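Below, read A as the first sequence line, B as the second, and so on, with proteins coming before strands; counting in each chain starts at 1. Being a predicted model, the structure only gives us computed values, none of them experimental.
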Protein chains: 2
Amino acid sequence: MPHHILKDHDHNQCISSALRSAEDICLQRGIKLTQIRRQVLEIIWQGHQPSTAYDILDCLSQQQNKKVAPPTVYRALDFLLDNGLIHRLESMNAYIGCDAPTTPHQSCFLICSHCRSVAELHDMPIYAALAEEVRQEGFKAKGIMIEVKGVCADCVEQGQSA
Amino acid sequence: MPHHILKDHDHNQCISSALRSAEDICLQRGIKLTQIRRQVLEIIWQGHQPSTAYDILDCLSQQQNKKVAPPTVYRALDFLLDNGLIHRLESMNAYIGCDAPTTPHQSCFLICSHCRSVAELHDMPIYAALAEEVRQEGFKAKGIMIEVKGVCADCVEQGQSA
DNA sequence: TATAGTAGGTTACTATATAACATTTTGTGA
DNA sequence: TCACAAAATGTTATATAGTAACCTACTATA
Ligand SMILES: [Zn+2]
Ligand SMILES: [Zn+2]
Ligand SMILES: [Zn+2]
Ligand SMILES: [Zn+2]
């Protein structure tokens, strides 16, 4: 992992804040952040890079010191997705923590192909514009996915181009 | 397949025009539209719904009257993708014919969850705006994916909502 | 404490995609 | 027209992603 991903920010802060938000949300909604769900969320928040379901599976198996089966992970992922605690990156079959789970929002993801970090942009002006253009086509949108692949600012600065 | 997908348009026209474009492009670029590539393209153009790689695999196996293996299909798909003759829908692991392969463009896909038809919108104004917003983040974009799930105009008209 | 609802375990399977290496076909220059 | 290299395809095996179905255990609450 390139160093800049952790520079200029206390990532333990990211993790604990994500877990705190999750607890608040679950309390508010009367749903349960069970041990497994919490563990999966914590694993996903190990970095600002996305995790695949099988990465999580391996990690969870290690933590539990026994083989965990896919459904266990997928159920936890479904729960976290349903409650907006994580997002799924369609173009990479991977999952990433949401950095604003308490406020409803539409996201655009910037995926760096060098350091694999993912940045989540919220409610960009173009979202409304896109929704409107789509509406004018007579299309009734239920979900909009925007994912941008490229090179992040830090990697560009370091002369990366892939 | 709901009827409206074929109404008001001669789909044989779509197919033959797609094949003709592909031939032109290959001629121009000095690359080859081999039998397999042509067959795969034709299979993909059987409708305005996306095909999965394994749909294509089955179809191709039938046509060739012998088992075709996955790499055969994936190689053809890679060729067609590289040359802009088809697009990949990331959110459904599926492939669809490009309706304007001769002109470079950025696309936005409207995916109907009722009739499964996919419409390709080109170079919408928001594209430039999005590119600019992303650029302002210092991010160097290489590829933008926009996919919208919802219900198409025809299905809405027929009272569908899923 | 019955009992309904929710969460998790287990097994088996389906779906999507690629690696690695062999063979065939095609184009090109000697 | 033969030799050779490049491109395309065949073949086998495997990696990765996700789900169905059924069972067990826990939890709330009447
Ligand atoms: Zn962080
Ligand atoms: Zn978010
Ligand atoms: Zn058509
Ligand atoms: Zn196109």
Side-chain angles (χ1 to χ4, degrees), chain A residues 22-23 25-27 29-44 49-83 85-96 116 145 147, chain B residues 22-23 26-27 29-41 43-44 49-83 85-96 116 145 147:
Chain A
E23 276 155 13
I25 286 169
C26 288
L27 204 62
R29 299 187 189 164
I31 53 182
K32 275 169 287 186
L33 189 66
T34 61
Q35 228 232 302
I36 289 179
R37 293 166 176 173
R38 190 188 162 91
Q39 269 180 289
V40 168
L41 182 60
E42 199 166 359
I43 288 167
I44 287 174
Q49 286 96 349
S51 312
T52 70
Y54 280 72
D55 287 344
I56 296 166
L57 188 61
D58 290 344
C59 194
L60 195 60
S61 294
Q62 265 206 308
Q63 289 184 13
Q64 303 221 352
N65 212 15
K66 68 174 177 184
K67 265 258 194 233
V68 169
T72 300
V73 169
Y74 282 104
R75 283 172 188 143
L77 289 173
D78 285 344
F79 173 87
L80 297 171
L81 284 169
D82 285 348
N83 289 288
L85 296 166
I86 62 173
H87 295 293
R88 178 181 153 84
L89 296 170
E90 301 293 344
S91 66
M92 26 188 350
N93 299 331
Y95 305 84
I96 187 129
R116 305 187 46 83
M145 285 156 283
E147 296 177 18
Chain B
E23 275 155 14
C26 288
L27 204 62
R29 299 187 189 163
I31 53 181
K32 276 169 288 187
L33 189 65
T34 61
Q35 228 233 301
I36 289 178
R37 291 166 179 174
R38 190 189 162 89
Q39 269 180 290
V40 168
L41 183 59
I43 288 167
I44 288 175
Q49 287 96 350
S51 313
T52 69
Y54 279 74
D55 288 344
I56 295 166
L57 187 61
D58 290 343
C59 196
L60 195 59
S61 294
Q62 265 208 308
Q63 289 184 14
Q64 305 220 351
N65 212 18
K66 68 175 177 185
K67 266 261 193 232
V68 169
T72 299
V73 168
Y74 282 103
R75 283 171 189 144
L77 289 172
D78 285 344
F79 173 87
L80 297 170
L81 284 168
D82 286 347
N83 288 288
L85 296 166
I86 62 173
H87 295 293
R88 179 182 152 85
L89 297 169
E90 301 293 346
S91 65
M92 27 186 353
N93 299 331
Y95 305 84
I96 187 131
R116 305 188 45 81
M145 182 214 85
E147 294 178 17

For [N], take OP1 and OP2 only and decide whether either is under 4.0 Å from a side-chain N or O of [X].
| X | N | value |
| --- | --- | --- |
| A/T52 | D/dT16 | no |
| B/T72 | D/dG10 | yes |
| B/Y95 | C/dA17 | yes |
| B/R38 | D/dA8 | no |

Legend entry - Out of C/dA17, D/dT19, D/dT9, whichever nucleotide has its closest atom nearest the side chain of B/Y74: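 The closest nucleotide is C/dA17.
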Inset, instruction - Give the nucleotide from the list C/dG9, C/dA17, D/dT19 with an atom nearest to the side chain of A/K66. - result: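 For the A/K66 side chain, the nearest candidate turns out to be C/dG9.
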Legend entry - Partner nucleotide of C/dG5 by Watson-Crick or wobble geometry (both distances under 3.5 Å):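 Partner of C/dG5: D/dC26.
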State whether the side chain of [X] and the backbone N or O of [Y] hold a donor-acceptor pair below 3.5 Å, judged by distance alone.
| X | Y | result |
| --- | --- | --- |
| A/T52 | A/A94 | no |
| A/Q39 | A/L60 | no |
| B/R37 | B/K32 | yes |
| A/E23 | A/L33 | no |

Rounded to whole Å, how long is the line connecting atom [atom1] of [X] with atom [atom2] of [N]?
| X | N | atom1 | atom2 | result |
| --- | --- | --- | --- | --- |
| A/Q64 | C/dA7 | CD | P | 17 Å |
| B/L57 | D/dT11 | CG | P | 13 Å |
| B/E90 | C/dT16 | CD | P | 14 Å |
| A/Q35 | D/dA25 | CD | P | 18 Å |
| A/D55 | D/dA15 | CG | C1' | 13 Å |
| B/L77 | C/dA15 | CG | P | 17 Å |
| A/K67 | C/dG8 | NZ | C1' | 18 Å |
| B/I36 | C/dT25 | CD1 | C1' | 12 Å |

Inset, instruction - Look at all strands and tell whether B/F79 reaches a base, only sugar-phosphate, or nothing, counting heavy atoms closer than 4.0 Å. - result: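 The answer is nothing, as B/F79 stays clear of every strand by at least 4.0 Å.
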Inset, instruction - Could you tell me whether A/R75 contacts a base, only the sugar-phosphate backbone, or nothing, with contacts defined as non-hydrogen atoms closer than 4.0 Å? - result: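 It contacts base atoms.
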Legend entry - Of B/K32 and B/N93, the one whose closest DNA chain C nucleotide lies more 5':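 This one resolves to B/N93.
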Inset, instruction - Might you point out which heavy atoms bring A/R116 and A/Q49 nearest each other, and give the distance in Å? - result: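 Closest pair (atom of A/R116, atom of A/Q49, distance): O-CG, 3.1 Å.
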Inset, instruction - Answer yes or no as to whether D/dT16 has its base stacked against A/Y54, where stacking requires a ring-centre separation under 5.5 angstrom and planes under 30 degrees apart. - result: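 No; centroid distance or tilt outside limits.
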Legend entry - Given DNA chain D, 5'-ward residue of the pair A/P71 and B/A69, judged by closest heavy atom: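 Of the two residues, B/A69 wins.
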